[in-house]
Number of protein chains: 2
Amino acid sequence: MSHDKITYDEFKEVLQKNSQRITLPRLEVLRILKSNHNPLTMSEIHDKVNLLHPKKKVDLATIYRTVNLFVDLKIVSEVNFRDEFKRYELVFDRHHHHHIVCKKCKKVENVELCLMNEIEKMLVKKGYKDISHSLEFFGVCKECSKN
Amino acid sequence: MSHDKITYDEFKEVLQKNSQRITLPRLEVLRILKSNHNPLTMSEIHDKVNLLHPKKKVDLATIYRTVNLFVDLKIVSEVNFRDEFKRYELVFDRHHHHHIVCKKCKKVENVELCLMNEIEKMLVKKGYKDISHSLEFFGVCKECSKN
DNA sequence: GATTAATATGAAAATAATCTGGATTAACGG
DNA sequence: CCGTTAATCCAGATTATTTTCATATTAATC
C-alpha cells in the first residue's frame, strides 16, 4: 500500500519556492502527518506534535497557521466529516480516495475504490451497516469566471 | 421538477408520533424550508423566519433547537460544505441529490445526476471551472454493531 | 560564526457558531 | 377552560478558530 507521500526534500522545495521558512514546528507537523494514515484534527496534530517534543511546546495557534499554510500550498488536503471537526491529511500523489467513518466510534478507514455502488458493496463486505454518504462538488461558476 | 417535499399533514404526523408539540416556531421553520430550494444555514433560516413575522421574533436558539430536532426526526438533512457553515434542507422523497457550490460567490445549485463523470461533464457544460468534489461515507462498523 | 532584517511563534484576547439553564409562555389532553 | 408539561426566550457559557503584538527564530550577508 505505497502512498507516495511528499518527501522532506520535496517539502523543503515547495516551501522555498513560495518564500516560506523551514521551521521546527513546520517540520514537526509534516512528520506527524507523514506517520499517520488517517486524517487528523487540528487538536490531534497538536497533541501528537507535543507528545514527542516536551522540551519546547508548539502552540495550538501555530498548528492552525501551519496546517492552513500547508493547505494553501496544496501539501495537505482538508476533509470534512459530517458532525465532526475538519480533518487534514497529506495529499497523496497516486490516487484519489475517500473515507468511511463509523457513526458510533468515529473510526476512519480509507476507501480506495471510486464508484459508489462498488464502494458500498465493499463496505458491506467489511461489515459496515447503515451506510450513507455525502458528496459535494466545488467549482467556480460561469459568472465568477468572468471577473 | 417536483421534489415531493413533506406536507404539513405528514409533518404533523411525524411530530405527534414522536410526542413533539406542533408550535408556531416549528411551523415557521418548516414553511421556510418548504419554500426554499437550496440548503440554508441556521442564521439564514433565522432571518427568513423573522422577516415575515415581525410581531413575535423567534430566537436563534429556538432555530437551532428546531432544526436539530428536525434532523433527529429525519425531516431535514444536514449538508456540510467545505469552508462553509452547516446547511440544512428538507429530505426529498424522490431522489438523492448533490450540490455544486461556487468557490467564489458560494452560490449553491442542486445536482440531479448521480455518477461522478456524468456529473462533472454536466457541470462543465453549465460553465463551472476548477471542479472538485468531496465524498465521504458513513456507517456503523463491525465492532460497533455488536454492542 | 556574528549581524541583521524579516518572518514565525507563543500567549492571550477576540470572534463567531453553537449550546445550555432558568424563568416564562404556550400547547394540548382532560 | 385548567393544569400539566414541554417549548421558548433571554442571557450567558462553550468551543473551534483567528488575530494581535511582543519576542524568538530563520536565513541571507558579511
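Reminder, nothing fancy here: chain letters follow the sequence lines and each chain counts from 1.
- Scored by the ring pair (Phe, Tyr, Trp, His ring centres under 6.0 Å) test, B:Tyr64 finds no partners at all (sequence neighbours excluded).
- Within the 4.5 Å cutoff, side-chain heavy atoms of B:Glu28 are placed close to those of B:Arg31.
- Put simply, CD on A:Glu28 is 12 Å from P on C:dT9, counting in whole angstrom units.
- On the nucleic acid side, DNA chain D contacts chain A at distances under 4.0 Å to non-hydrogen atoms, with the end points of that region at D:dA16 to D:dA27.
- Within the 4.5 Å cutoff, side-chain heavy atoms of B:Leu30 are placed close to those of B:Ile6.
- Heavy-atom minimum distance, A:Arg26 versus A:Phe70: O-CZ, 3.6 Å.
- A search for ring pair (Phe, Tyr, Trp, His ring centres under 6.0 Å) contacts involving A:Tyr88 returns nothing, not counting sequence neighbours.
- Contact of the A:Val67 side chain with the A:Met42 side chain is registered, since non-hydrogen atoms from C-beta on lie closer than 4.5 Å.
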Identify all pairs in which a protein N or O lies below 3.5 Å from an N or O of nucleotides 28-30 of chain C, and state each distance.
| from | atom 1 | to | atom 2 | distance (Å) |
| --- | --- | --- | --- | --- |
| C:dC28 | OP1 | B:Ile22 | N | 2.9 |

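- Nearer to the 5' terminus of DNA chain C, by closest-nucleotide assignment, is the contact made by B:Ser43 (compared with the other of B:Ser43 and B:Pro25).
- When rounded to the nearest whole Å, the span between CG of A:Asn18 and C1' of C:dT7 equals 15 Å.
- Each of A:Ala61 and B:Tyr64 has a nearest nucleotide on DNA chain C; the 5'-most of these lies closest to A:Ala61.
- For the pair B:Lys34 and B:Tyr8, the cation sits on the ring face: its NZ or CZ lies under 6.0 Å from the ring centre, inside 45° of the axis.
- Applying the side-chain hydrogen bond (donor to acceptor under 3.5 Å, both in side chains) test to B:Glu44 and every residue at least two apart in sequence or in another chain returns B:Arg87.
- The CG atom of A:Leu24 sits 16 Å away from the C1' atom of C:dT7 (whole-angstrom rounding).
- Residues B:Asn50 and B:Val58 share a closest heavy-atom pair of OD1-N, 2.8 Å.
- Using a 4.0 Å cut-off on heavy atoms, the residues of residues 65-76 of chain B that approach DNA chain C are B:Arg65, B:Asn68, listed by number.
- Side-chain contact check for B:Glu89 versus B:Leu40: every heavy-atom pair is 4.5 Å or farther apart.
- Put simply, NE2 on B:His46 is 13 Å from P on C:dA17, counting in whole angstrom units.
- Put simply, CD1 on B:Ile63 is 14 Å from C1' on C:dT18, counting in whole angstrom units.
- With B:Ile75 as the fixed residue, the side-chain contact (heavy atoms from CB on, under 4.5 Å) test singles out one of B:Leu69, B:Leu33, B:Leu90, B:Val91: B:Leu90.
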